[in-house]
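Since the structure comes first, as structure tokens, the remarks are kept for the end.
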Amino acid sequence: MSQQKVDNYKKEKYNRKKQLQKEKQALLFYRALGCVAAVAIVGWIGFSAYSRYEASKPASYTEVNVEAISDYMTSLSS
């Protein structure tokens, strides 16, 4: 039984660098995924707040007199 433990220890020691590298890559991946999710949530909240702010502003209307243009167009067609 002790020889089996020694063999397992050697195998673990042999693969330790690969295992640590995999763990670091997984940690980096999850951190990046968390950052992307956080940016998406903050962006969504900001967009929602901005759209509500714009919707609450009163709409401004401008009246345009187009009689001169329509008179000109009718004079061209006759």
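- For the 3.5 Å distance criterion, the side chains of Asn8 and Gln4 fail to qualify, holding no donor opposite an acceptor.
- Under the side chain to side chain contact (heavy atoms under 4.5 Å, CB included) test applied with Asn15, the options Glu12, Lys11, Lys17, Gln19 reduce to a single match, Lys11.
- In this structure the side chain of Leu27 never reaches within 4.5 angstrom of the side chain of Glu23, judged on heavy atoms.
- With rounding to the nearest 0.5 Å, the separation of OG in Ser77 from OH in Tyr72 is 11.0 Å.
- With Leu20 as the fixed residue, the side chain to side chain contact (heavy atoms under 4.5 Å, CB included) test singles out one of Lys18, Lys22, Arg16: Arg16.
- A 6.0 Å sphere centred on CD of Glu67 holds no more than 12 heavy atoms belonging to other residues, nucleotides or ligands.
- Hydrophobic cluster membership for Phe47: none, as no Ile, Leu, Val, Met, Phe, Trp or Tyr side chain comes under 4.5 Å of it.
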